[in-house]
Enquirer: 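Got a structure here, written out as structure tokens. Questions coming.
Side chains are part of it too, since the values below use all heavy atoms of this structure and drop only hydrogens, waters and symmetry mates.
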Amino acid sequence: MSREFSKIKESVASWSDIRQLLRGGEQGQLVPVVIPKDRRGFSWMALIFLALYFAGMAVLTVSILAGLGAVAMLLVALVWMWRRAIIEIEEGTTGVRSRWGAITGTLPPGRHYLWLPWDRVDAVVDTSTEIPYSAPIVACPTAENVPLKSIEFFLKFRIVDPVAFVRTIGAGNFDLVLSSAVQDAIRQRSRHVNTERAYDLRGSDVGDMQEALNRQLTRYGVRITGANIPDVQLPDQYQQHLATREKVAKELSAYEREWELTRKRRIDTLLMEIERAKKTRDARIVEVKAAHNTARMNVARMLEEQETEAQRVRWEIEARGRAELTSAENEALALGRLAESYRDNRAVLQYELARRRLDVGAKLAENAPQPLVVRTQNGSGDSALSTLLLAQLLPKVMGNGRAEPPVVE
């Protein structure tokens, strides 16, 4: 197991060496960022000045040879400038572009042209490779404050924002920050593990540690893509302690096997006793079931008799009730008919009373005094004669005597 942290650095190299440094590193160190040497300059300006000089001579001396020299110098200067302006960014890398020292953006993979000398590539960053990083942490204390011999932590990270990485921290400073963050995360994890369970850290889930590291490194444009703990080593004394515990465990295993045999013998004896007890229990169960069936039969017969008696009593009550109901209905029917007869008799009596009233009225009409009409000759008023006759007849009429009143014309 490696006892040293992986080292991350940035290098300065020519454009031809950038690919080798990014892919293979330098002297066992990881190189995710390379600062290219600027191969451009103002040398082509000398050719421009020579072309101007020959052009001036051609004008002054009217020399064709000087004119051709000026044209040749100008063409060479242009070709030189064109060749120096070509920038090729490797696939999987990103160039950080700057102007007058200020970062202005990035250059994707491919060919680019930077015509102005002050427009340059400050750094070429590997943004596609998942860079492996190994961090063996020594003397990590456990929950019982027992320092583990070492815990090896392995992770992979990728630069997702080259501008933030170059501008904020850089490769050299990132190495210090990453190693410090990894040590802190590992020590926190070991503090939550008992020494006996330290080997459980190997291959355990470290997703929470990966998320914590991502939260710390996001501002640097870096993302952790994977992490695990491949190996854990316990202290030598604790390993001896584990060896002693293993010996004790073997002795305990042997004792447990012996005890298992003894336990099986005792279990067999108990099983035989249990079988005998089961047979005795089955015989008693048969007797109990027979007694239970007899009791159930007796109870069923008693219940049937009681149900029959209850049915008989219910029928008697229902018959008595029906009889009383029929009697009450007949009595109600008789009362209704009696009421109808009373109603009919009342109508007859009213008719008889009305008829008698008519008879009494007829009799009264027959016995009623007849009017006496005394007529005079002139018919203009009472006469002395009519007055005399009325005085004679009134006593007879009042005495219920019937008298035919004379009519005096």
Side-chain angles (χ1 to χ4, degrees), residues 1-40 84 86-99 101-112 114 119-137 152-186 209-210 213-214 216-228 230:
M1 184 184 69
S2 176
R3 296 298 179 182
E4 296 180 358
F5 276 83
S6 299
K7 298 297 182 181
I8 302 174
K9 60 175 291 187
E10 58 187 21
S11 298
V12 179
S14 61
W15 285 96
S16 60
D17 296 333
I18 290 178
R19 179 184 180 88
Q20 178 63 29
L21 288 174
L22 292 178
R23 296 292 181 252
E26 184 181 11
Q27 298 177 357
Q29 297 179 347
L30 304 174
V31 182
V33 179
V34 177
I35 301 174
K37 295 179 180 179
D38 191 7
R39 60 187 180 181
R40 298 178 303 159
R84 294 297 182 180
I86 295 175
I87 300 297
E88 293 182 354
I89 304 299
E90 293 289 340
E91 183 65 31
T93 63
T94 302
V96 180
R97 184 176 182 178
S98 66
R99 179 173 296 172
I103 296 177
T104 58
T106 59
L107 296 176
R111 173 173 289 188
H112 304 275
L114 302 180
D119 197 4
R120 56 187 299 173
V121 177
D122 272 357
V124 177
V125 184
D126 187 354
T127 56
S128 63
T129 304
E130 291 184 348
I131 302 172
Y133 185 86
S134 178
I137 314 300
E152 184 175 2
F153 186 73
F154 176 79
L155 61 86
K156 297 181 295 182
F157 70 90
R158 187 163 63 89
I159 301 173
V160 296
D161 190 349
V163 175
F165 185 80
V166 172
R167 178 187 296 170
T168 306
I169 188 168
N173 294 330
F174 179 73
D175 180 61
L176 298 176
V177 172
L178 181 59
S179 62
S180 176
V182 168
Q183 290 189 55
D184 184 60
I186 287 293
M209 297 173 60
Q210 181 176 339
L213 290 174
N214 276 325
Q216 296 180 33
L217 304 178
T218 299
R219 61 178 178 270
Y220 304 129
V222 177
R223 182 167 63 87
I224 306 297
T225 59
N228 67 340

Enquirer: From Tyr220 OH over to Arg167 CZ, what is the distance, rounded to the nearest 0.5 angstrom?
Expert: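 Those atoms lie 15.0 Å apart.
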Enquirer: Check Val163, Asp161, Val96, Thr93 against Val125 for a side-chain contact (heavy atoms from CB on, under 4.5 Å) and give me the one that passes.
Expert: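 The side-chain contact (heavy atoms from CB on, under 4.5 Å) with Val125 is passed solely by Val96 among Val163, Asp161, Val96, Thr93.
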Enquirer: Give, for atom CG of Leu213 and atom CG of Leu155, the distance between the pair rounded to the nearest 0.5 Å.
Expert: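 Answer for the CG-CG pair, Leu213 versus Leu155, is 7.0 Å.
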Enquirer: Which pairs would a plain distance check flag for residues 171-180, meaning a side-chain donor or acceptor within less than 3.5 Å of a matching protein atom at least two apart in sequence or in another chain?
Expert:
residue : atom : partner : partner atom : Å
Asn173  : ND2  : Ile169  : O            : 3.1
Asp175  : OD1  : Ile8    : N            : 3.3
Ser179  : OG   : Asp175  : O            : 3.1
Ser179  : OG   : Leu176  : O            : 2.9

Enquirer: What is the distance from atom CE of Met209 to atom CZ of Phe153, rounded to the nearest 0.5 Å?
Expert: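 The CE atom of Met209 sits 4.0 Å away from the CZ atom of Phe153.
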Enquirer: List the atom of Arg99, the atom of Arg97, and the distance in Å for their closest heavy-atom pair.
Expert: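 Arg99 and Arg97 have their closest heavy atoms at NH2-NH2, 3.8 Å.
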Enquirer: Closest heavy-atom contact between Ile89 and Gly95?
Expert: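 Looking at all heavy atoms of both residues, the closest pair is CG2-N, 4.1 Å.
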Enquirer: Within this structure, what is the CZ-NZ distance for the pair Phe154 and Lys156, rounded to the nearest 0.5 Å?
Expert: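 The distance works out to 6.5 Å.
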Enquirer: With rounding to the nearest 0.5 angstrom, report the CD1 to CD distance, Ile224 to Gln210.
Expert: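 One gets 7.0 Å once the value is rounded to the nearest 0.5 Å.
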Enquirer: With Phe157 as reference, evaluate Thr225, Ile131, Asn214, Leu217 under the side-chain contact (heavy atoms from CB on, under 4.5 Å) test and give the passing residue.
Expert: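 The passing option is Ile131.
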Enquirer: Can you see which heavy atom on Ser128 is nearest to which on Arg158, and at what distance?
Expert: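 Heavy atoms of Ser128 and Arg158 come nearest at O-CD, 3.6 Å.
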